[in-house]
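As structure tokens, the structure follows; a few thoughts come after it.
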Amino acid sequence: MHYDFRKIEKDWQDFWAKNETFKAENNSDKPKYYVLDMFPYPSGAGLHVGHPLGYIASDIYARYKRHKGFNVLHPQGYDSFGLPAEQYAIQTGQHPAITTEANIKTYRRQLDQLGFSFDWSREVRTSDPQYYKWTQWIFIQLFNSWYNKTSDKAEAIDSLVAIFEAEGNVNVQAVCDEDIAQFSAADWKAFSAKEKQEILLKYRLTYLAESEVNWCPALGTVLANDEIVNGVSERGGHPVVRKKMTQWSMRITAYAQRLLDGLNTVDWPQPLKDSQTNWIGRSEGAEVEFALKGSEHKIAVFTTRPDTIFGVSFMTLAPEHELVTKITTPEQKAEVEAYIEATAKRSERERMADVKTISGVFTGAYAEHPFTKEPIPVWIGDYVLAGYGTGAVMSVPCGDQRDYDFAKHFNIPIPNIFEGVDISEEAFADKATTVIANSDFLNGLGYKEATSKAIAELEKLGVGTGKVNYRLRDAVFSRQRYWGEPFPVYYVDGMPQMIAAEYLPIKLPEVDKYLPTETGEPPLGNAAVWAWDTEKNEVVANDKIDNKTVFPLELNTMPGWAGSSQYFNRYMDPHNENEIFSKEAIDYWQDVDLYIGGSEHATGHLLYSRFWQKFMFDLGLVPKDEFAKKLINQGMITGTSAFVYKVAYEVSTIVDGGYDEKEISDFQSKVISDNPVFVSKNVRDKIVSCDKAEFKNLTESVKQVTNRIGEKLTEKFPKTQVEIRLWTGRSFDMPLHADVSFVNASDELDVEAFKNWREEYKNAQFITEEDGTFKVSREVEKMSKSKYNVVNPDAICEEYGADSLRLYEMFLGPLEQSKPWNTAGITGVHSFLKKLWRLYHSGPEGAFEVSEAEPSKDSYKTLHKTIKKVEEDIENFSFNTSVSTFMIAVNELSSQKCNSRAVLEPMAILVSPYAPHIAEELWSKLGHEGSIATVAFPKFEEKYLVESSKEYPVSFNGKMRFKLELPLDLSKDEIEAAVMAHEKTQQQLQGRTPKKVIVVPGKIVNIVG
RNA sequence: GCUCGAGUGGUGGAAUUGGUAGACACGUUGGACUUAAAAUCCAAUGGACAUUAGUCCGUACGGGUUCAAGUCCCGUCUCGAGUACCA
């Protein structure tokens, strides 16, 4: 009976599907365990071997937890809204839903073939109206909420209205827009309905506001900060410019502190926490108001160094700062305006690429120092960002390098306010050693004391206050896209109105074009049926819009992260039509116990999800304010590209025979490209290292090719004479990617396959190694189509099986680390599975046979040390080492010729999380009914590992020289005596007397001297 | 620039609290079986020297602590990831 993995794997996958083996129940006596993968975007390319790495790890953990008696929730779904399907739709007119559906089919087939224990009955798709109904619902909840700083949580907007009615907004501690005028209860009552709505918008957790956004003209949409990399769009690399637009925003800044604090309560990777911490960017300092000379305007600045306030020698405003036009003096007006215009023209990208250039303009205005009353010139400069803090800084050149550079450049004085520090070359920014001088009441103080003293004095004067500032901005939530969630929003008199939850979902309308409209409106502007009838409560044709009962609907759609920000909770009760999830479901499952996914989501998905979770927590909808207890970032699997070296040679015409020059040169280049010459790696290396002999050989080898080219040319242009030369030096060859599927484990190229790969390689010549093989050189790169190093799991499953693939992906190395893929190594784990199979098939002609006999002591020992190690490894997510452990166990059991049921049954269970198909097959052959999935994990028993003796390594001066087997119950002195009496010890010492003998019982003996 | 992570054979990688460096596998070499190939099995495999016994050197580099360092401390270099005028 050979190991027929194709049949076994198919059979068990069918069995699991038919019996719904992995279906999780929402109530159970068992303890719950929730294992979640970041759900995939179903791209057209399907999966490559890098994608399932995390899924395999989480599947092993989920299966292990089932063996350990847990009720495991292990769902999977699709993040199926997204740009690629829409881009494809724009190009082909194909509806994104159709492409998406087809891609999902491929994904599902590929996932199924890997034997994952997903509960597919709970599948969600973000683009399914029954799913995005609840995304729209959460949006409405956010709209109907405000953030009360006093209770430090989100509350219903009604409670804010009640406060306004009772006392206006004077005492409300809310997270809101900055530009809100104060009003009394009477004022509030006197406001029109529209005015009230406008004011409330400034408080809502999702709000419509004119905000500066990252506009990408090429994509025709707004991008979030984390969708921009180095000033260009992450997808496509298009330029991004700043632009003011009316957009939905999420008031995530309300949660900045809680998002920071929450990081201390979760077991997430430190780098991920660090990157969220940096993204939120908390800084403590003070906000200080500077009065302007001869003006009622005041400039507010944020500073982290209020202790250096006496070092201020100028102020700098962002060019976009609203005060700039108001305070600029007539003499400076022209220069300031020119500067503002020049800055606006420079794209964000240019500004970033060019951080060294110092530029700025004096406004002519002077502020007044709050303590000294000295005049301070006010400048504008583009090194100050409008979006951070107040968009203005008090410049302290002696304490900040950028201020220092600016001051030097414009010859502004640099007063020194530090005790014993030389600032003639650069600014001094070391807080730890700061001693303040020349600063009135701050003299002699260190950073900390001076800071609190300065804040206290500013507060006394009523011109400053201690403040915490965050880098985190509110998140823009509108996209000018088709393939995303529509907003449940219509507009009355320009004010947004929410559609009542009972009429959700508001489904995406049909459009004939997926591009923006000719008037520049988002793609939904193309929809003919996209208006809201407030009487019928349904979406109706646009021509019915009368702005009395039928109103226009929102044309933007939600961003990519909307659908993924609560999906983990929806899995708990995915088919609930009345609620986002039932109370029973959320109370039972609580939160995700283990979340596995890529680190690229650190500041996107993982921050927004935490925000929504905290919001849902405030509303009392979820019991935990962090949704995932533990998170692991799986490392990337990189590709091992194969390179062949193409020899560069040149044909030059010696006698041209009077033909048309272009005709000849065109023909020559065609001949050259049709007759490529490739050189094997080692030969190439010799040539590059200037091996003259090899270079000569190479020339010889190329000769036959060149002769043929010569013939061809003479055939066509009889009067021509050509010379063929090889290039020399560094550029003598050109590395080209070869498809990795043509290369075997020894880096040898399948020359025939390569020739058939492309038309232009048909006549390729190969200069081989001495043994006649052609070798490629290899390099680790990102796995990508364009590098021809993508390995498809389908092919691996076909040749070696899913169990082999699962084991091999784990065997490659630690889960979190990035590591290169090399298909060659899979034979190791594959033959391990065959050896495992053989353990259970020791009968004649490989028939299944296990004995009921008591296993040997050694076999018991092998089994129990394996149980111990595998259990530890899984708990530590060290899956690579447990694969090694299995190999050792099978090697040992094979040499022990062990075929006892008492050992082989537990072995099957141990292997089952890693290689579930073979485990199921062996389990059923062992005579069990049903799946192995929930059989109890074997229990480790120490007694089988108890040893009576130890092979001590005996070291001399720390170097191990020989080993000595001694009973474990010897005392230190007895061990020392035994070692000293040994002949090899005397041989090593050569008559010397050891200075010292270190004996660590059970470990080591070290003799010094 | 700043923050974080990592440097171990030809390759992927092992190595509890400091205690036998290189487990396990790939590759390579030799052998068995076979007409042959595949598959399978056996042996060797960090480097240098040595007939053997064995000796020396080895965990990026330079120091240090220790009976003992891949592991701890100080400094340097290289690579990778994130971030970038954040006041």
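Computed from a predicted structure; not experimentally measured.
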Distance check, P atoms only: B:U78 and B:A60, in whole angstrom units. 16 Å
Among residues two or more places apart or on two chains, list those pairs meeting salt bridge (Lys or Arg N to Asp or Glu O under 4.0 Å) that have a residue in residues 804-830 of chain A. A:D59-A:R806
A:E178 atom CD: more than 12 heavy-atom contacts under 6.0 Å: no
For A:L607 and B:U83, what is the distance between atoms CG and C1' respectively, to the nearest whole Å? 15 Å
Using a cut-off of 4.0 Å between protein heavy atoms and nucleotide atoms, how would you tag nucleotides 55-68 of chain B 5' to 3' with B, S and -? SSS---------BS
Who pairs with A:F290 by ring-ring contact (aromatic ring centres under 6.0 Å, His included), at least two apart in sequence or on another chain? none
What's the CG-P distance between A:D4 and B:A39, to the nearest Å? 18 Å
Using the test ring-ring contact (aromatic ring centres under 6.0 Å, His included), find all partners of A:Y470 that sit at least two apart in sequence or belong to another chain. none
Summarise how protein sits on nucleotides 7-17 of chain B as a single string, 5' to 3': B when a protein heavy atom is under 4.0 Å from the base, S for sugar-phosphate-only contact, - for no contact. -----BSS--B
Is the A:F406 to A:F314 ring centre distance short of 6.0 Å? yes
Checking A:H982 now: which residues fulfil ring-ring contact (aromatic ring centres under 6.0 Å, His included) with it, not counting sequence neighbours? A:F962
Over how many whole Å does the gap from A:E779 atom CD to B:G80 atom C1' extend? 15 Å
Would you be so kind as to tabulate the donor-acceptor pairs closer than 3.5 Å made by side chains of residues 832-839 of chain A, with sequence neighbours excluded?
{"from": "A:K835", "atom 1": "NZ", "to": "A:N891", "atom 2": "OD1", "distance (Å)": "3.3"}
{"from": "A:W837", "atom 1": "NE1", "to": "A:M1", "atom 2": "O", "distance (Å)": "3.0"}

Pairwise C1' distance, B:A87 and B:G5 [rounded to whole Å]: 29 Å
Could you tell me how far apart A:K273 (NZ) and B:G5 (P) are, to the nearest whole angstrom? 13 Å
NA contact type, A:K834, heavy-atom cut-off 4.0 Å: base, sugar-phosphate, or nothing? sugar-phosphate
Pick base, sugar-phosphate or nothing for A:R282, based on heavy-atom distances below 4.0 Å to the nucleic acid. nothing
Presence of A:R305 side-chain N/O under 4.0 Å of B:C86 phosphate oxygens OP1/OP2: no
Would you say A:N891 reaches B:A25's phosphate, i.e. side-chain N/O to OP1/OP2 under 4.0 Å? yes
Which listed nucleotide (B:A84, B:A25, B:A87) is nearest to the side chain of A:K835? B:A25
Find the distance A:M636:CE to B:C79:C1' and express it as a whole number of Å. 14 Å
Who passes ring-ring contact (aromatic ring centres under 6.0 Å, His included) against A:Y388, sequence neighbours left out? none
Sequence neighbours left out, cut at 3.5 Å: what donor-acceptor pairs do the side chains of residues 271-278 of chain A make with other protein atoms?
{"from": "A:K273", "atom 1": "NZ", "to": "A:L263", "atom 2": "O", "distance (Å)": "3.0"}
{"from": "A:K273", "atom 1": "NZ", "to": "A:V266", "atom 2": "O", "distance (Å)": "2.9"}
{"from": "A:D274", "atom 1": "OD1", "to": "A:Q270", "atom 2": "NE2", "distance (Å)": "3.0"}
{"from": "A:Q276", "atom 1": "OE1", "to": "A:R610", "atom 2": "NH1", "distance (Å)": "2.6"}
{"from": "A:Q276", "atom 1": "NE2", "to": "A:A602", "atom 2": "O", "distance (Å)": "2.8"}
{"from": "A:T277", "atom 1": "OG1", "to": "A:K273", "atom 2": "O", "distance (Å)": "2.7"}
{"from": "A:N278", "atom 1": "ND2", "to": "A:D274", "atom 2": "O", "distance (Å)": "3.4"}

Under 4.0 Å between a side-chain nitrogen and a carboxylate oxygen: does that hold for A:K868 and A:E942? no
B:U59 and B:U11, which share atom name P, separated by this distance in whole Å: 16 Å
Sub-3.5 Å pairs of nitrogen or oxygen atoms, protein against nucleotides 26-32 of chain B:
{"from": "B:G27", "atom 1": "O3'", "to": "A:S746", "atom 2": "OG", "distance (Å)": "3.3"}
{"from": "B:U28", "atom 1": "OP1", "to": "A:S746", "atom 2": "OG", "distance (Å)": "2.4"}

Measure CZ/A:F832 against C1'/B:C24 and give the value in whole Å, please. 11 Å
Is any side-chain N or O of A:S275 closer than 4.0 Å to OP1 or OP2 of B:C4? no
Are the charged groups of A:R778 and A:D747 less than 4.0 angstrom apart, N to O? yes
Atom CG of A:L833 and atom P of B:U40: how far apart are they, to the nearest Å? 12 Å
I'd like the P distance from B:C42 over to B:C24, given in whole Å. 13 Å
How would RNA chain B look in dot-bracket form, 5' to 3', counting Watson-Crick and G-U wobble pairs with both distances under 3.5 Å and writing | for bases paired to another strand? (((((((..(((......[....)))((((((.......))))))((((....))))..(((((..]....))))))))))))....
Checking one value: the base orientation of B:G9, syn if chi is within 90 degrees of 0, otherwise anti. syn
C1' atom, B:G22 versus B:G13: distance in rounded Å? 10 Å
Salt bridge flag under 4.0 Å for residues A:E965 and A:K963: no
Report all side-chain donor-acceptor pairs from residues 824-831 of chain A shorter than 3.5 Å, counting only partners two or more places apart or in another chain.
{"from": "A:T827", "atom 1": "OG1", "to": "A:A824", "atom 2": "O", "distance (Å)": "3.3"}
{"from": "A:H830", "atom 1": "ND1", "to": "A:Y800", "atom 2": "O", "distance (Å)": "3.3"}
{"from": "A:H830", "atom 1": "ND1", "to": "A:S804", "atom 2": "OG", "distance (Å)": "2.8"}
{"from": "A:S831", "atom 1": "OG", "to": "A:T827", "atom 2": "O", "distance (Å)": "3.0"}
{"from": "A:S831", "atom 1": "OG", "to": "A:G828", "atom 2": "O", "distance (Å)": "3.2"}

Does a side-chain N-to-carboxylate-O contact under 4.0 Å join A:E947 and A:K861? yes
In terms of the angle between their ring planes, are A:F940 and A:H864 parallel, tilted or perpendicular, with boundaries placed at 30° and 60°? tilted
Please state the C1' separation for the pair B:U34 and B:U40 - nearest whole angstrom. 11 Å
For residues A:T862 and A:E892, is any side-chain donor paired with an opposing acceptor at under 3.5 Å? yes
Between B:A25 and B:U76, how far apart are the P atoms? Round to whole Å, please. 42 Å
If each of A:D403 and A:M887 is mapped to the nucleotide of RNA chain B with the nearest heavy atom, which maps nearer the 5' terminus, i.e. the 5' end? A:M887
Between B:A39 atom P and A:Y800 atom OH, what is the distance in whole Å? 9 Å
Along RNA chain B (nearest heavy atom to each residue), the more 5'-positioned of A:R838 and A:D274: A:D274
Determine the interatomic distance between C1' on B:G10 and the same-named atom on B:U3; round to the nearest Å. 35 Å
